[in-house]
J.: 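Structure below; questions to follow.
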Amino acid sequence: MSSSSPAIPVQRFLTGITTTGTPHLGNFVGSIRPSVAASRLAGVQSFYFLADYHALIKCDEPSRIQRSTLEIAASWLAAGLDPERVTFYRQSDIPEIPELTWLLTCVTGKGVLNRAHAYKASVDKNTAAGNDPDSDVTAGLFMYPVLMGADILMFKAHKVPVGRDQIQHIEMARDMAHSFNHLYGEHLVPPEAVIEESVATLPGLDGRKMSKSYDNTIPLFAPREQLRKLIAGIVTDSRAPGEPKDVAGSALFQIYQAFASASETAALRQAYADGISWGDAKQVLFERIDQEVAPMREHYLALINEPARIEQILQAGADKARQTATPFMRELRQAVGLRKLGAQTGSAKKEKISKAAAPVFKQYRESDGKFYFKLLDAHGRLLLQSDGFDNPKEAAQTIAGLQTQGAAALAQPENRLHTPAGVTSDEVAAALQQLADAKA
Ligand code: TRP
């Protein structure tokens, strides 16, 4: 299975799709199509899976989860994913994933999870409505990033292709890997997010991002006539036939661009300038999408009518995935001390982790383009969070200030620093002192 060519180092790609709905054109352009393309590259090993444990966080309809799992699996296969080449599996067939989730839970600061966007959004919504901050928030939602970390770290993925909204989760998986390795030795590989810059998020029928939550989607495998009808419903402005039209802000044009070649796109741009009618433009879009989707649609329908065949493919994928996961989990259990009692364990001194646990500053850039840093304690717990700085130098200077002035720098408002609830300035001061001592 492993290509042992020494010339090209293998890069492992991994991504999952949550099984809560019917795949739409946005999923195809943003995730399914690029993941299939990546899986065909030389030197790439791909792990693609159906995130059905994640689905439970958002969906309590069992039949919907089952149906969505079938539809997403069939879509991936119809789009050309080769299960011989890719490790293609269902998350819940890999019991090692929830097992690793627990090990990671024990090295993840609760304060770190408090800052996760999805959880914070729920808290903010509750607070705005005057409710208890955690009203209707399940522990599953809170733990979402840890489960996702286990998905990624289990297969030592280097690259994780995701949408922008998932960058923070990849950052967290990196932090989990560092915390774990710090405590137990180098076992986990810190991953990196891959953002497909050329694929802007696809707009939906109403011009907002195509998303199940806006109810503005076009199902990827809608029958031809339904596809025509849905495309006819895309919002446009009220310009009459013959009037020049704007490509900027035109959902129709953006969707076309995601399917068409550069020269086809240029031709439609010209047609807009020449005053093509909206009806004709929609016809052009419909034919272009149908041309790409029709052959896959046939394959999809055949697959969806043979769930047992898909089940077989997923079982084979799970077997393949577990050939990696089972021994790796054994290694990790050993590393943390979940061990058989018979064999004599290494002596305590040999076991002792080489490096003394130490706090660490981390600098990073968020999707708003600004530069941030945070201070984590030795267990990855968040002690200090900065606001965004316009350039990395300002952030670095603030860190330098903290290192020379200690906790006194916290009191200066221009440093724009926050300590999360439950963290005292004494703890921050102690961590800074520990860093200073280590340097000396
Ligand atoms: N959270 C991802 C989403 O909603 C799905 C997902 C689950 C995932 N586990 C993953 C993506 C691991 C990448 C890697 O889009």
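Since the structure is predicted, the reported quantities are computational estimates derived from the model, not experimental observations. Values reported hereafter were calculated over all heavy atoms of this structure, with side chains retained and with hydrogens, waters and symmetry mates removed. Whatever order the structure lists ligands and atoms in, that order sets their numbers, starting from 1.
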J.: So, does R322 use its side chain to make a donor-acceptor pair with the main chain of T326 at under 3.5 Å?
T.: no
J.: Using distance alone, determine whether D151 and ligand 1 share an N or O pair under 3.5 Å.
T.: yes
J.: Hey, which of D319, L50, L70 is the one that makes side chain to side chain contact (heavy atoms under 4.5 Å, CB included) with L314?
T.: L50
J.: May I ask you to check whether Y144 and H169 place their ring centers less than 6.0 Å from one another?
T.: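 So the answer is yes for these two rings.
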J.: Please determine whether the number of non-hydrogen atoms from other residues, nucleotides or ligands lying under 6.0 Å from atom CD of Q315 exceeds 12.
T.: yes
J.: Quick one: which ligand 1 atoms are inside 4.0 Å of a heavy atom on T18?
T.: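 Once the distances to T18 are compared, the set is 3 (C), 4 (O), 5 (C).
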J.: Run the numbers for me: atoms of ligand 1, each under 4.0 Å from some heavy atom of F49, listed by number.
T.: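 Under 4.0 Å from F49, ligand 1 has these atoms: 9 (N), 10 (C), 12 (C).
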J.: Below 30° counts as parallel, above 60° as perpendicular, anything between as tilted: where do the rings of Y300 and F221 land?
T.: parallel
J.: How far is atom 3 (C) of ligand 1 from its nearest protein heavy atom, and which residue and atom is that?
T.: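 It is Q166 NE2, 3.6 Å.
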J.: What residue and atom, counting heavy atoms only, is the protein's closest point to atom 4 (O) of ligand 1, and at what distance?
T.: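 Result for atom 4 (O) of ligand 1: Y144 OH, 3.1 Å.
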J.: Donor-acceptor check, side chain of H24 to backbone of N216, threshold 3.5 angstrom: yes or no?
T.: no
J.: Can you list the atoms of ligand 1 that are under 4.0 Å from a heavy atom of V160?
T.: 13 (C), 14 (C)
J.: To which protein heavy atom is atom 6 (C) of ligand 1 closest, and what is the distance rounded to 0.1 Å?
T.: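 Of every protein heavy atom, G16 O, 3.8 Å lies nearest to atom 6 (C) of ligand 1.
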J.: Can you sort out which atoms of ligand 1 are near T15, meaning under 4.0 Å from one of its heavy atoms?
T.: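 Every atom of ligand 1 under 4.0 Å from some heavy atom of T15: 11 (C), 13 (C).
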